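Keep in mind that this is a model prediction, so the values were computed, not measured.
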Amino acid sequence: MKQFDARRLALAGLPLLFLSALALAPLARLLAEGGLRISPGLFADGYLRWRLGWSLLQAAVSCLLCLFIGVPLAWLLARYRFPGRGLLLRLLILPFVMPTLVAAMGVLALFGPQGAAGVNLQDTPWLLLYGNLFFNLPLVVRAACDGFSQVPASRLAAARTLGATRWRAFWRVEWPAALPWLMSSLCLVFLYCFSGFGLALILGGQRYATLEVEIYTLVAYELNLADAGALALLVLLVCGTIAAVYAALARRLATSAKVEPLPLQPVRNWRERLALLAGLAVLLLFAGLPLLAVLWRGLAAAGSWLALWDEDTRLALFNSARFTALTVLAAGALGLCHALAAGRSLALRALIFLPFVASPVCVAFGLLLLYPQWSAALALLLAAYALLAYPFVSKALLSALDGQPPHWAQAARSLGAGPWRVFRRVQWPLLQPALRRGLAFAAATAVGEFAVTLFLSRPEWLTLTTLIYQRLGRPGAANMDAAMQLSCLLMLLALLAFWIIESSGGAPAGHKEGGHAGAAKSE
């Protein structure tokens, strides 16, 4: 037992040191900076009050929209069998691996100036809310679908036998079963929307930007570190509170009881067909059209693809490729060490979620405050990439380790195999699909990372995401076409990551991130 604890401590040393240097220490420095500056007078300015109020409001409204739209869709997917249902459930993870800028460009291609929909929603709150739904509606649908699948068939049959209508049976039997899944997913949706950066920067405009964008503006353009630190502290407090609520709800509502799930029913009449078609159309509207719009706008400008192959594009492709490769290597090593060290330790398992709770903007700002002498060092940028990416590897490996029968390793040890041989011959072959899945998520996170890059990057470290942002900031239709073409390229890279994830067994349970720069998005 002592040897096992010593091995676990040795394995935990690297990820714990990394988390301390790249997350805990910068956040502590940020807390100290913000704690010294924050005061009630900070929000005497109506402008900052509006930023805070809008940040909270758009996150709350996004949660409500996801709830009212997602629950009926999830109920249909959980109750009816139809051709392509399995593929549709797998495709719900696709928005998760999409970079934030791809989604933002898709929304602009639909509802921006000269958008395909013919309606210009720029400089309105609806543009950002639609972008929030693209990322978060699939999360709620998938979580609620899992919840409705947990309804005991015997209990629902008993309710209908006793005379309960379908509506009453839903409220008294099905809704309580899905509630734990829904509440946990809505907490995550609020976190992602409140601390989101890329969507708010591109779609929010000057009026509807969030606190995260305001922090970036104060640091990058005004050099006002005092107010930026106070706002970052406020963001951390809100995110920490929501994360605590999420943990409390999961502990209070989760159940481990085994149930006999309700069998899927075939679509029998025109009402059910109409409801199913309407649900699929709504899902396509919010989760599919932005990607199709990016593809359409990129292909429409196909005549200028050769002009896109300039020096900046080559540099951005090279940097994105090498940053992603180095991030995957670092995330693989850190994730494997953390997963093997965590075992049944609740503390080590909880630390995996730290990069998800702290927004990338707060992390990047904290790194600037703590390590100003290294702010122009490539190693700091890559370390920040690895910080955001490696939890996906850890969570995927932990899920695989939890699913391995313990008696297999015990049998190998009883036959004289040492710990290393047990790992290499028994555990490692079973972990490889999960490792590939986690590394694919890490690659998707790195190639679409945006927030940290804006804070820590230099001109010679131009990436695809920062190049898209630069193109958007320049006037002219040619720059917009170039941004759409680069977004198509990013989308293809994300589709490659999606293919690797699906071929390795799907999303790691309980998570979502992706292109959100530190947001995990699939549950």
Side-chain angles (χ1 to χ4, degrees), residues 47-70 95-96 98-117 119-140 186 188-217 231 234-235 238-239 242 282 285-291 293-294 359-361 448 450-451 454 465 468-469 472-473 480 483-484 487 512-519 521:
Y47 173 80
L48 291 180
R49 288 202 308 272
W50 159 251
R51 281 285 180 262
L52 174 61
W54 167 244
S55 299
L56 294 170
L57 179 63
Q58 58 89 25
V61 171
S62 297
C63 287
L64 291 176
L65 290 174
C66 287
L67 178 65
F68 289 123
I69 298 173
F96 173 67
M98 281 296 153
T100 306
L101 287 188
V102 172
M105 296 301 297
V107 174
L108 288 177
L110 282 173
F111 299 111
Q114 302 177 346
V119 179
N120 185 5
L121 298 180
Q122 197 167 33
D123 299 324
T124 71
W126 305 109
L127 210 61
L128 178 56
L129 293 175
Y130 182 83
N132 287 341
L133 285 175
F134 168 80
F135 276 118
N136 295 292
L137 182 61
L139 165 66
V140 175
L186 289 177
L188 294 177
V189 169
F190 190 94
L191 274 176
Y192 303 144
C193 294
F194 180 79
S195 61
F197 175 73
L199 282 180
L201 180 65
I202 303 298
L203 303 179
Q206 294 183 353
R207 177 165 176 78
Y208 296 104
T210 60
L211 281 181
E212 294 281 290
V213 178
E214 186 63 26
I215 294 170
Y216 169 70
T217 302
L231 293 180
L234 188 61
V235 170
V238 173
C239 291
I242 299 300
V282 169
L285 171 65
F286 291 108
L289 279 187
L291 300 182
V294 169
S359 72
V361 169
F450 181 53
L454 281 183
T465 54
I468 292 173
Y469 183 60
L472 279 178
M480 176 59 75
M484 288 295 175
S487 299
K512 71 185 216 129
E513 89 130 86
H516 259 315
K521 278 189 171 239

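In this structure, Leu65 CG and Leu137 CG are separated by 9.5 Å, a value rounded to the nearest 0.5 Å. Atoms CG and CG, on Leu133 and Leu139 in that order, are 12.0 Å from each other to the nearest 0.5 Å. Interatomic distance, SG of Cys193 versus CG of Asn136, reported as 4.0 Å (0.5 Å rounding). Between the CG atom in Leu211 and the OG1 atom in Thr217 there is a gap of 11.0 Å [rounded to 0.5 Å]. For the atom pair Leu129 CG and Asn132 CG, the distance stands at 6.0 Å (nearest 0.5 Å).
Side chains of Leu203 and Trp126 form no contact here, defined as non-hydrogen atoms less than 4.5 Å apart. Residues Leu56 and Val238 meet the side-chain proximity criterion, which asks for heavy atoms closer than 4.5 Å. For the pair Leu101 and Ser487, the minimum side-chain heavy-atom distance is 4.5 Å or more.
The backbone N or O of Leu48 lies less than 3.5 Å from no partner atom in the side chain of Glu214, so there is not a single donor-acceptor pair. At least one donor-acceptor pair closer than 3.5 Å links the side chain of Trp54 to the backbone N or O of Tyr208.
Of all the heavy atoms in Phe190 and Ala60, the pair that sits closest is CE1-N, 3.8 Å. The shortest non-hydrogen separation linking Met105 to Leu472 is SD-CD1, 3.5 Å. Pairing each heavy atom of Leu127 with each of Gln122, the nearest pair is CD2-CA, 4.0 Å. Among all heavy-atom pairs drawn from Pro113 and Asn120, the shortest one is N-OD1, 3.5 Å. When every heavy atom of Gln58 is checked against every heavy atom of Leu128, the shortest pair comes out as OE1-CD2, 4.1 Å. Contact detail for Val189 and Cys66: the closest heavy-atom pair is CG1-SG, 4.4 Å.
Taking the six-membered ring where tryptophan is involved, the planes of Phe197 and Phe450 are tilted, since the angle between them lies from 30° to 60°.
With hydrogens and angles left out, the side-chain atoms of Glu212 and Ser359 include a donor and acceptor closer than 3.5 Å.
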Side chain to side chain contact (heavy atoms under 4.5 Å, CB included) assessment of Phe194 paired with Ile242: CA-CA 10 Å; Phe194 180 79; Ile242 299 300; over 6 Å; no
Val107 vs Leu199, side chain to side chain contact (heavy atoms under 4.5 Å, CB included): CA-CA, chis, key distance, verdict: CA-CA 10 Å; Val107 174; Leu199 282 180; 5.6 Å; no
Leu186 and Val140: CA distance, side-chain angles, deciding distance, side chain to side chain contact (heavy atoms under 4.5 Å, CB included) verdict: CA-CA 7 Å; Leu186 289 177; Val140 175; 4.1 Å; yes
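The cationic atom of Arg207 (NZ for Lys, CZ for Arg) lies less than 6.0 Å from the six-membered ring centre of Trp50 and within 45° of the ring axis.
Proximity of the aromatic rings of Phe134 and Phe286 is defined here by a centroid distance below 6.0 angstrom, and this criterion is not met.
Each of Ile215, Val213, Thr210 was compared with Val361 under the side-chain contact (heavy atoms from CB on, under 4.5 Å) criterion, and only Ile215 meets it.
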